[in-house]
Amino acid sequence: MVINMKTIADIAFAELEDLKKQKPTVWHNPAVQSLANQVLPISAAEIADASARLDRFKPFFKSAFSDMRSTDGIIESDIIAVEKFQTQMTLQQNGHLEQKLLLKKDAYLPISGSIKARGGIYEVIKQAESLALKAGLIDIDDDYAAFDSVPFKAFFSAYRIAVGSTGNLGLSIGIIGKALGFNVDVHMSADAKQWKKDKLRRIGVNVIEYQSDYSIAVAKGRQQAASDPFCHFVDDENSRDLFLGYAVAGKRTKAQLDAMGIVPTAQKPLYVYLPCGVGGGPGGVAYGLKMVYGDAVKPYFAEPVASPCMLLGMATGLHDKIAVQDIGLSNKTEADGLAVGRPSGLVGKLMMPLLEGVYTVDDQTLFDLLRMMYDSEGIFLEPSALAGALGPWRVAGKTEMPAAAYHLIWSTGGGMVPLEERKLMYNHMKD
Ligand SMILES: *Cc1c(COP(=O)(O)O)cnc(C)c1O
C-alpha cells in the first residue's frame with residue numbers, strides 16, 4: 001500500500017500529542033449523529049439472515065461440540081451485574097454509578113472462549129453452507145447435523161480456510177474449520193501466544209509464524225490464499241461476513257436486557273465499552289446494538305496506548321491509510337488481542353456516524369483490572385478483555401453523561417487461557 005506521507009505529516013487533532021506520548025486519553029467523535037438522520041449501509045435484513053444461518057447450524061453445533069448441548073446450539077454469553085467489582089472501582093476511582101454495572105461475558109462464549117466465536121465461526125459456517133449447497137450435498141431445510149458426518153468432512157477436506165491473526169481469531173477459525181473437515185492455515189503475528197499455536201497444531205491446523213506484526217500476517221495470508229482457488233481467506237481487515245456475525249449480538253443482547261428489566265432510553269442511555277483491535281468485533285457488535293436501540297445506545301471503543309489504531313484512523317479520517325507506527329508508536333502491548341497497528345477501513349467508515357468515541361488504556365492498568373476482576377468476582381479475563389472495564393469512569397470524567405445511564409462492559413476473551421498462563425497474567429508486574 002502506498003502511504004501518502006504528506007497527509008500523515010499534516011495530521012492534527014487535539015489528542016494527537018497524548019497518543020504520541022502514550023498518555024491515556026479520550027477522543028470524542030465529532031462526526032457521531034442521531035440515527036434518525038441516517039440510512040445505514042448494512043440492513044437489519046442482512047443481520048437477520050446471518051442470525052437465521054446460525055440457527056440452521058444449531059444441530060451441527062450440538063452434535064460437534066459438547067459444550068453446545070446445554071446451550072441448545074446457540075453461541076451466546078450471559079450478561080451479569082458485577083457488584084463487587086463495581087464497589088472496588090467506585091472506591092478506587094471515587095465515582096459512583098447509579099445503576100448496577102453490567103458485564104457481557106463473551107470471554108466465556110462456547111467453542112473458542114472469545115468474541116471471535118461470533119464473527120469467525122459465522123464466516124466459516126457460511127462458507128461451508130455455500131459450498132455444500134452448490135454441490136447439492138444439502139438443502140436449506142435439511143437437518144444440518146449432517147455437517148458433522150464423515151461424507152461432509154471428506155467433501156470439505158478438498159478445501160482450505162486461511163486467516164491472519166494475533167491469536168484468538170485463529171483459534172476460532174481453526175477450531176470450527178477443523179470440526180467441519182477443512183484444511184486450515186493460520187498466519188500468526190509475533191504477538192500470538194505460544195499456547196494458542198500449540199493448541200491449534202494439536203488439532204491439525206497449519207500454523208505459520210511471523211516475526212512481524214498483525215498487518216503483515218494478514219497480508220501474507222491474503223497473498224497466499226489468492227493463488228489457490230480452493231482457499232477461502234477470512235479477511236479480518238475487510239470482511240462483511242465477519243462483521244455480520246458480530247452484529248447478530250445486537251438483538252440477542254436486547255432480549256437479555258429486556259429479561260433483566262433494562263430498557264435504555266434517551267434519558268437513560270446504555271453506554272457500552274468494547275475493546276478494539278482491528279475493529280470488526282467491537283464494530284459489528286456496536287452496529288448490531290445501534291440497529292436495535294438507536295440513539296439510546298452509546299458505544300465507546302477501548303484501545304491500548306501502544307496500539308490506538310481505530311482512534312487514529314477515525315480522528316484523521318485516514319482509516320486504513322494510517323498506522324500507529326506512522327506516529328512513532330510501537331504497537332507492542334501485553335493486550336495481544338488488541339495489538340493491531342492499522343485499523344479496518346471498512347469498520348472505521350461504518351463507525352464514523354455511530355461511535356461516541358475511543359479511549360486508550362495502558363498495560364499496567366489492564367493487569368490491575370485483571371486482578372481486581374478476579375479477586376472481586378472470581379472471573380478470569382485476559383488483558384485485552386479488561387480494556388472496557390474502566391470505561392464508565394474514564395468516559396464520565398470527560399463528557400456529559402446522564403446519572404441514570406446504564407453501563408455495559410464487554411469482556412472479550414480469556415475463557416480458553418490455560419491455568420498456568422492465567423497465573424502468569426495474574427502475577428504480572430505485581431508489586
Ligand atoms: C480480537 C479481540 C478483540 C477485538 O476485536 P477486533 O475485531 O480485532 O477489533 C478484543 N478482545 C479480544 C480478547 C480479542 O481477541
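Whatever order the structure lists them in is the order used to number ligands and atoms, beginning at 1.
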- [ ] Would you check whether Glu382 has a nitrogen or oxygen atom less than 3.5 angstrom from a nitrogen or oxygen atom of ligand 1?
- [x] no
TODO: Flag Gly279 as yes when one of its N or O atoms lies below 3.5 Å from any N or O atom of ligand 1, and as no otherwise.
DONE: yes
Open item on the list: Once you measure the plane-to-plane angle for Phe156 and Phe147, does it fall in the parallel (<30°), tilted (30-60°) or perpendicular (>60°) bin?
Closed with: parallel
Open item on the list: I need the atoms of ligand 1 closer than 4.0 Å to a non-hydrogen atom of Asn168, numbered in the order shown.
Closed with: 13 (C), 14 (C), 15 (O)
- [ ] Classify the ring geometry between Tyr271 and Tyr300 as parallel (under 30°), tilted (30 to 60°) or perpendicular (over 60°).
- [x] parallel
Task: Any side-chain heavy-atom pair of Tyr144 and Glu129 under 4.5 Å - done: yes
- [ ] Identify, by atom number and element, the atoms of ligand 1 in contact range of Gly413, meaning under 4.0 Å from any of its heavy atoms.
- [x] 13 (C)
TODO: Indicate yes or no: does an N/O atom of Pro275 lie under 3.5 Å from an N/O atom of ligand 1?
DONE: no
- [ ] Decide whether an N or O pair under 3.5 Å exists between Ser114 and ligand 1.
- [x] no
TODO: Starting from atom 11 (N) of ligand 1, locate the nearest protein heavy atom and write down its residue, its atom name and how far away it is, to 0.1 Å.
DONE: Thr412 OG1, 2.7 Å
- [ ] Report the nearest protein non-hydrogen atom to atom 14 (C) of ligand 1: residue, atom name, distance rounded to 0.1 Å.
- [x] Lys116 NZ, 2.8 Å
- [ ] Could you check atom 5 (O) of ligand 1 against the protein and tell me its nearest heavy-atom contact, residue, atom and distance included?
- [x] Pro282 CD, 3.5 Å
- [ ] Specify side chain, backbone, both or neither for Leu338, according to which of its non-hydrogen atoms lie closer than 4.0 Å to ligand 1.
- [x] side chain
- [ ] Establish, yes or no, whether a centroid distance under 6.0 Å links the rings of Tyr210 and His187.
- [x] yes
TODO: For side-chain contact (heavy atoms from CB on, under 4.5 Å), just list the numbers for Leu346 and Glu237, CA-CA rounded to whole Å, side-chain angles, deciding distance to a tenth of an Å, and then say yes or no.
DONE: CA-CA 7 Å; Leu346 170 82; Glu237 291 177 339; over 6 Å; no
Task: Nearest-neighbour protein heavy atom for atom 8 (O) of ligand 1, which is reported as residue plus atom name and distance - done: Val278 N, 3.0 Å
Open item on the list: Check the orientation of Phe230 and Tyr159. Use parallel for under 30°, tilted for 30 to 60°, and perpendicular for over 60°.
Closed with: tilted
Open item on the list: Give me the nearest non-hydrogen protein atom to atom 7 (O) of ligand 1 as residue plus atom name, then the distance to 0.1 Å.
Closed with: Gly281 N, 2.7 Å
TODO: Say whether Val340 and ligand 1 are in contact under the criterion: heavy-atom distance to a ligand atom below 4.0 Å.
DONE: no
- [ ] Would you indicate whether the side-chain heavy atoms of Asp336 and Asn168 approach each other to under 4.5 Å?
- [x] no
- [ ] Give the minimum heavy-atom separation between Arg201 and Val207, together with the two atoms involved.
- [x] NH2-O, 3.1 Å
- [ ] Nearest 0.5 Å please: distance from the CG atom of Leu54 over to the CZ atom of Arg118.
- [x] 10.0 Å
Open item on the list: Give me the nearest non-hydrogen protein atom to atom 4 (C) of ligand 1 as residue plus atom name, then the distance to 0.1 Å.
Closed with: Gly277 N, 3.5 Å
